[in-house]
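To keep things clear, I will list the structure first and then write my remarks on it.
Here is the naming used below: chain letters follow the sequence lines, and residue numbers restart at 1 for every chain.
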Amino acid sequence: MLLTLVLITFAAAPLGLLARTAPRPAFGWLLALIPLAAFIGFGLQAPAVLAGQTPLSVLPWVPAMGIELRLALDGLSLLFGLLVSGIGALIVVYTASYMAGDPGMGRFYLALFIFMGAMLGLVLADNVLTLFVFWELTSVSSYLLVGYKHEYPEARRGAQMGLLITFGGGLALLVGLVLLGSAAGSYTISEIVAAGDVVKASPLYGPALLLIFLGCFTKSAQFPFHFWLPNAMQAPTPASAFLHSATMVKAGVFLLARLHPGLSGTPLWTLTLTVVGATTMLVGAAIAMRKDDIKGLLAYSTVSMLGTMVLLAGVGGPEAPSALVAIILAHALYKGAMFMVAGAVDHEAGTRKLSELGGLRRAMPATFAIACVAAVSMAGIPPLFGFVAKEELLYATTRNDLPGWLGLAVMAAAVVSGAYSVMYAWRFIRGVFLGERGRGVKAHVHDAPLGMLAGPGVLTLISLALPLGLLNPLEALLAPAVRAVGGPEVAISLYLIPALGLPLLLSAIAIGAGLLLTRAEGRIVAAPSPLPRWLSGDAIYDASVAGMLDGTTAFTRVVQNGKLRSYIAWSILALVAVVLPPLVLYGLAGLSLPSFAGIQAYELVAALLIPVGVLATLKARSRLGAIIAAGIVGAMVAFIFVIYSAPDLALTQLLIEVISTVFFMLVFAVLPAAFEKLSPRRTHIRDGAIAVVMGLTMAGVAYAAASSTALAPIANTLKAESLSEGFGANVVNVILVDFRGFDTLGEITVLMAALLGIYAMLRLRPISDPTPMSPRGERMPSEHGSAAVEEPGERELVGRER
Amino acid sequence: MYESIILRTVSKVMLPVLLLISLFMLVRGHNLPGGGFIGGLLAASGIILQIVACGPDTARKLIPVNYLQLAAFGVAFAAVWGLLGLALGDPYMRAFWIPQPIPGIGKVGTPVLFDVGVYLTVIGVTAQLALVLAEEPTLFPQQSRPKPVQPVAPEA
């Protein structure tokens, strides 16, 4: 069932491409049936989850290594599954209106559905490797969606930034998860969490946790990695609303919540998450209230709320799990709505800048109403669900496991960010809808179409309905999620009218301070940002990307400098670096010198002729001489194969020798007959040393392999089974085509690839540049001048397919 | 490419002989020295002899085969027989044999067919490489250009 839910979403992705021919709003309503089906699927599973069961589906892949596709539905997964599929359905409807007439809509839907499937897989994953695969898939689809308008350099930059940062964190996460798995002795998440005490005692706990934090912080845009999220606002608004506020960026928070019951409680966990989360919360809110771009404002407020969630995952205490779950739900509801409203405003008014907007309340009354309710929820003002969730947050900051001064600091930070949130919610409403008609607004503005209002309308309605009468069913729905985060004994209780006490006082202070801030709006916006410029992250990112490119360019210039000689030298050195250390460390022990007793005279002659041939090749003055001398080496090797009864090898060696001689001749036909000494002496010595080291390494490997006694030789088994199992008397051939047939398949594939490479290099050169090169590399002037390039005969010759 | 009447005459005789020997080597490979790789190299050397003696155009006319496609077909032919095992729930490339030997050929099974794929790949790759080099206009302008281009001696 769970597998079906994920796979249906993936399988539906190509359906999005149908939009290419019929991009009408009705199409969006139709397409939304797929996420709606997934939503209903989760809903059908809900009673079982609420009863305490955990539906499971497992698809083993490499069972011996614990690698499997393992999906489980507990309370936390159910909450996220409902959010992803439910908001997903609304977003699909919204997209069809928002992007109506856009010829690329099919591509957009494709990536959107891939994301939805990946996100569902992520939140259901009960195996760390399953989780990782879906985690990275969400990054890939986010990249495609942010870079949707790939004609614009900002969109490309934003897409690349998000990809590099989340993939960088993803690599750390993979290592961290594997460390975690080996510390717990299992890759199944539920087992890791259950073995939490073992993991915490393990020396791997610290490194594993820090690496996982790195993955979560990059994904969930925590300070100092927060800057990719505002840059990801280059995505079309439906993607911003879905990925970059409601779902994907919460993946890091989700993983922290997932691991919380097993791994939390240590100073490392508590302090890291508290400090990073609180910093992000404050920095995000402080920037958000100064932003002029409404999507930028919402992006930074998302950063701030993600910081709040990480903070709640860290602080500990009886209230933190329920506060975390409530904030996740509240934020998804109001921020999804706010983003969709921002998109509608952008779509209808033609600008996103607060300084150019204004006075739209009459022109867009329905949008105005929805925005007001969502903004009140965002500001944490009663009676919206945002208030209920913020009240939980303040409860959690007053009753936690933190040391006294830090607890006070966190409490203060929560109040300040609450005040800031009032401020940025006010700025959004005032700047867009109130006051005079903005100068950047289009002449004839009207309300957004139904498709664009349905999504934010539904979300806002839920925000409004939940506290006004649905809190009890909601508690029942969220209780399993809270238990999944906090452990079996933790409960949830939500109140619209809180008891008198410190949290209520703090809430009142936050709202009051926020309202005071709104009086000073002009001065605050005009004041320079409190953060130093270098903290923006953008500058650091640009510098590191530039440095990376310079580094790889320099490296490529050294390793791939266009000279065949250095390509060979680097390949050899790389091989030696991998093979020689283990050979010296493990292979040479216990080897004795071979005994030469009983050697025959003709064997000695053949063996000695090989070095003679090598020296003659090196000393040859003409190319022909070098080919002949190299032929001696090949012939003697073939002779030795004959002596030691390996006729197959001898035949192959001889044929290769013949054919490579022909190839040499073909190439050498146009080179000067005699060698020229062009390299200085030290180059000769250096290349000679590389060659000798390579030769000694391979000789050592061959000798160690032949004389090792560590394992019983496989030859006897192969010889014995050749006729009975492989039905062939020629054991070499049976090995090639049967016993190790897969290797042979790989080898002929490599042959094919090499052929394609050479063919492409020689035949498929750009037709515009068919000028032949002289043997020395200069371009030969064509006898017809530049017009000859266009001559059909020449064009056909170079580009002709044979 | 090399103007030699003896080489041309010999190569005409040798081509069918080498191709026959290569087939012989392929068929007997499972029990005696030989096999797809050796057979393929032998056949390719017959074609290369043609290229060297009479030039690439004659070699193409004599055996009108697209060697690039032949090599690709060889890899696909070798790979496809392994699927039989997958279809029956066994590992990829599990061997299947016809129980009774076929007169003149011997026992036939999927490994032998796999060897045929290797044979075709090796012929295709080797012959195509030789042709690509021999037809390279910058290497051999006289043979392959409709209008010969006089190489301009670089200024000393």
Side-chain angles (χ1 to χ4, degrees), chain A residues 646-652 654-656 658-659 662-663 665-667 669-670 723 725-730 732-734 736-738 741-742 744-745 747-749 751-752 754-756 758-759 761-763 770-776 778 780-783 788 791 793-794 796-798 801-802, chain B residues 1 25 29-38 41-42 44-45 48 51-52 60 66-68 71-72 74-75 78-79 82 92-93 95 97 107 109 111-112 114-115 117-118 121-122 124-126 128-141 144-147 149-152 154:
Chain A
D648 285 279
L649 299 189
L651 269 172
T652 312
L654 273 180
L655 284 165
I656 291 287
V658 169
I659 289 172
V662 175
F663 281 160
M665 303 287 276
L666 285 172
V667 180
V670 290
L723 197 55
E725 302 287 322
F727 300 108
N730 178 4
V732 176
N733 189 259
V734 173
L736 281 177
V737 301
D738 197 344
F742 205 59
T744 312
L745 186 62
E747 280 154 21
I748 60 176
T749 312
L751 267 186
M752 186 68 213
L755 172 65
L756 287 177
I758 296 170
Y759 189 88
M761 215 154 59
L762 290 177
R763 280 288 163 80
T771 330
M773 308 286 258
S774 81
R776 294 191 160 215
E778 291 97 331
M780 289 197 237
S782 164
E783 55 186 302
E791 200 181 77
E794 283 210 354
E796 192 196 5
L797 179 81
V798 177
E801 173 143 4
R802 304 263 184 190
Chain B
M1 311 228 302
M25 280 291 181
H30 215 56
N31 290 306
L32 291 162
F37 203 81
I38 294 171
L41 285 176
L42 264 172
S45 64
I48 290 175
I51 297 172
V52 172
R60 277 193 190 279
N66 184 330
Y67 292 106
L68 199 61
V75 176
Y92 179 65
M93 286 193 81
W97 293 90
K107 281 198 70 109
V112 175
F114 176 79
D115 216 12
V118 174
T121 309
V122 172
V125 169
T126 319
Q128 181 67 55
L129 277 185
L131 280 172
V132 162
L133 283 174
E135 288 168 348
E136 175 59 31
T138 57
L139 290 181
F140 303 101
S144 46
R145 308 208 120 213
K147 278 186 241 164
V149 173
Q150 297 297 322
V152 177

So which of [options] has the largest heavy-atom pair count under 4.5 angstrom toward chain A?
| options | value |
| --- | --- |
| B:G117, B:A72, B:P111 | B:P111 |
| B:P33, B:A71, B:G74 | B:P33 |
| B:S45, B:G35, B:G34 | B:G34 |
| B:V75, B:V118, B:V132 | B:V132 |

_chain A contact via B:L129 - which portion, at a heavy-atom distance below 4.5 Å_ = both

*By a 4.5 Å heavy-atom criterion (distance strictly below it), what part of B:L131 contacts chain A: side chain, backbone, both, or neither?*
backbone

*A:L736 versus chain B, heavy atoms under 4.5 Å apart: side chain, backbone, both or neither?*
backbone

*Using non-hydrogen atoms only, which part of A:V658 is less than 4.5 Å away from chain B: side chain, backbone, both, or neither?*
neither

_Can you classify the ring geometry of B:Y92 versus A:F742 as parallel (below 30°), tilted (30 to 60°) or perpendicular (above 60°)?_
perpendicular

*Measure from the side-chain N and O atoms of B:D115 to the backbone N and O of B:G36, and report whether any donor-acceptor pair falls under 3.5 Å.*
yes

*When you measure from the side chain of A:N730 to the backbone N and O of B:N31, does any donor-acceptor pair fall under 3.5 Å?*
no

_If you apply the rule side chain to side chain contact (heavy atoms under 4.5 Å, CB included), what do you find for B:M25 with A:L651, and how did you get there?_
CA-CA 11 Å; B:M25 280 291 181; A:L651 269 172; 3.9 Å; yes

_A:E747 vs B:F37, side chain to side chain contact (heavy atoms under 4.5 Å, CB included): CA-CA, chis, key distance, verdict_ = CA-CA 11 Å; A:E747 280 154 21; B:F37 203 81; over 6 Å; no

*How would you list, by chain and number, every residue that makes a ring-ring contact (aromatic ring centres under 6.0 Å, His included) with A:F663, sequence neighbours excluded?*
none

*Mind ranking A:I656, A:T652, A:L745 by heavy-atom pairs under 4.5 Å with chain B and telling me who comes out on top?*
A:L745

*Taking all non-hydrogen atoms of both residues into account, name the closest pair between B:V112 and B:W97 and its distance.*
CG2-CZ3, 3.9 Å

